[in-house]
There are 2 protein chains.
Amino acid sequence: MAVKAIEKLSASLEDYLEAIYHLTAGQEVARSKDIAEAMKVSRASVTGALKTLSEKGMVYYKPYGYATLTEKGQQVARRVVRRHEILTRFFGELLGADPSIAQAAACRAEHTLGLEITARLMAFIEFVSKTQDDGQDITKQFQQYWERLRNAECKM
Amino acid sequence: MAVKAIEKLSASLEDYLEAIYHLTAGQEVARSKDIAEAMKVSRASVTGALKTLSEKGMVYYKPYGYATLTEKGQQVARRVVRRHEILTRFFGELLGADPSIAQAAACRAEHTLGLEITARLMAFIEFVSKTQDDGQDITKQFQQYWERLRNAECKM
DNA sequence: TAATATAGTTAGCCGCCCCTAACTTTTCAA
DNA sequence: TTGAAAAGTTAGGGGCGGCTAACTATATTA
């Protein structure tokens, strides 16, 4: 095939890319220790992951140096971050889940969504936010529906 | 705590429970070979999983016998199946993804959803299907929105 | 009922990803 | 500038969940 498929990484490696992406977002640089803290894993695990990611051409990294994303790594990271954001918004804004719950769920689900579903979910969120302008406001209506459900349950 | 939390299983073990659940749904019985075929793993892997699930009190199983779900196993399996169905409906009916894509995505995501999100997603699907009766039909509106998006992209 | 085919198990291997402990390199401050 | 603290690496181990190959038990059928 002519088009190169985007590299397929494990959920764990995607998480490392995501962490590096966020750490390098300011002007800062991704130090091993910070990655370890952000991901709540040991520094040794980070070393191993960086080695693997470097072999796969996802990060620039030399022993005792800091990590930066390659072009390829950036692409993958952005895709993961995008999915994370979409899911967080969906769970939080639309379904009305508590932010911390929405975050956590997004973290776990972000590695399982394909291109097609991601695009459609994104579109759906856009679609719903557009209806807020023309009086329908699906979000608010659902919120009311949900409250009624909850109350009904509590009375039983 | 007084209430016993539902046993936490790995995604893989949940998949085994799901497979056994479906195989034993008719009057049939879950044979090791059928589980292997359904899940596309080796028979040896099934033996290992059944041993683990049996230790965890999720299946009744004796070597060279067939597998049945215990009460606890049924509970977990039903919960997984429920999530699978909810996700399939959401991806398929609501987002309008192709059934096979919706299925596959549901398979992967079903192990990542917590109680809260599952309940809200379920409610959301109910909510949307109810709006179809009173003239709004969110599904149809989104379908049109999506088509317009697709066409816009194709023209570029 | 004996032989063979089928189903199930065991043993042993591998990859992934985490860990701790001990060692090396780098940084920083006295 | 040198020695201690901090950061990073290496070595080795464990759990999980796949796999194949070889063995055992069960079923079938000639």
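Keep in mind that this is a model prediction, so the values were computed, not measured. Naming: A, B, ... by sequence-line order, numbering from 1 per chain.
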Which residue lies toward the 5' end of DNA chain C, A:Pro63 or A:Lys40, if each is placed at its nearest nucleotide?
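It is A:Lys40, whose closest nucleotide lies nearer the 5' terminus.
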
Under 4.0 Å between any heavy atoms, over every strand shown, what does [X] touch: base, sugar-phosphate, or nothing? Just pick one.
| X | value |
| --- | --- |
| B:Ser10 | sugar-phosphate |
| B:Ala49 | nothing |
| B:Tyr66 | nothing |
| A:Ser12 | sugar-phosphate |

Tabulate below the donor-acceptor pairs under 3.5 Å that side-chain atoms of residues 46-58 of chain B make, not counting sequence neighbours, or state none.
residue	atom	partner	partner atom	Å
B:Thr47	OG1	B:Arg43	O	3.3
B:Thr52	OG1	B:Gly48	O	3.1

Give a yes/no on whether any side-chain N or O of A:Lys51 is located under 4.0 angstrom from OP1 or OP2 of D:dT10.
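For D:dT10, OP1/OP2 do have a side-chain N/O of A:Lys51 under 4.0 Å.
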
Quick one: side chains of residues 19-26 of chain A, donor-acceptor pairs under 3.5 Å with protein atoms, not counting sequence neighbours, listed by atom name and distance.
residue	atom	partner	partner atom	Å
A:His22	ND1	A:Glu18	O	3.3
A:Thr24	OG1	A:Ile20	O	2.8
A:Thr24	OG1	A:Tyr21	O	3.2

Salt bridge (Lys or Arg N to Asp or Glu O under 4.0 Å) between A:Glu85 and A:Arg89: does it pass, once the steps are laid out?
CA-CA 6 Å; A:Glu85 286 167 357; A:Arg89 286 188 60 191; over 6 Å; no

Non-hydrogen side-chain atoms of B:Phe127 and B:Ile138 separated by less than 4.5 Å:
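B:Phe127 vs B:Ile138: side chains touch.
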
Any side-chain heavy atom of B:Phe142 sitting closer than 4.5 Å to one from A:Thr131?
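With C-beta onward as the side chain, the pair stays apart.
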
With sequence neighbours excluded, residues passing side chain to side chain contact (heavy atoms under 4.5 Å, CB included) with A:Ser45
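So A:Ser45 forms a side chain to side chain contact (heavy atoms under 4.5 Å, CB included) with A:Tyr16, A:Val41, A:Ser42.
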
Could you tell me the boundaries of the chain B footprint on DNA chain C, defined by atoms under 4.0 Å from its heavy atoms?
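The contacted stretch runs from C:dA7 to C:dT10.
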
In the hydrophobic clustering that connects Ile, Leu, Val, Met, Phe, Trp and Tyr at side-chain heavy-atom distances below 4.5 Å, which members other than A:Tyr64 occupy its cluster, ordered by chain and number?
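Besides A:Tyr64, the hydrophobic cluster comprises nothing; the residue is isolated.
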
Contact list (N/O, under 3.5 angstrom) for nucleotides 2-7 of chain D vs protein:
residue	atom	partner	partner atom	Å
D:dA7	OP1	A:Arg31	NH2	3.2

Taking atom P of D:dG17 as reference, at what distance in whole Å does atom CD of B:Glu14 sit?
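Atom-to-atom, B:Glu14 to D:dG17, this comes out as 11 Å.
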
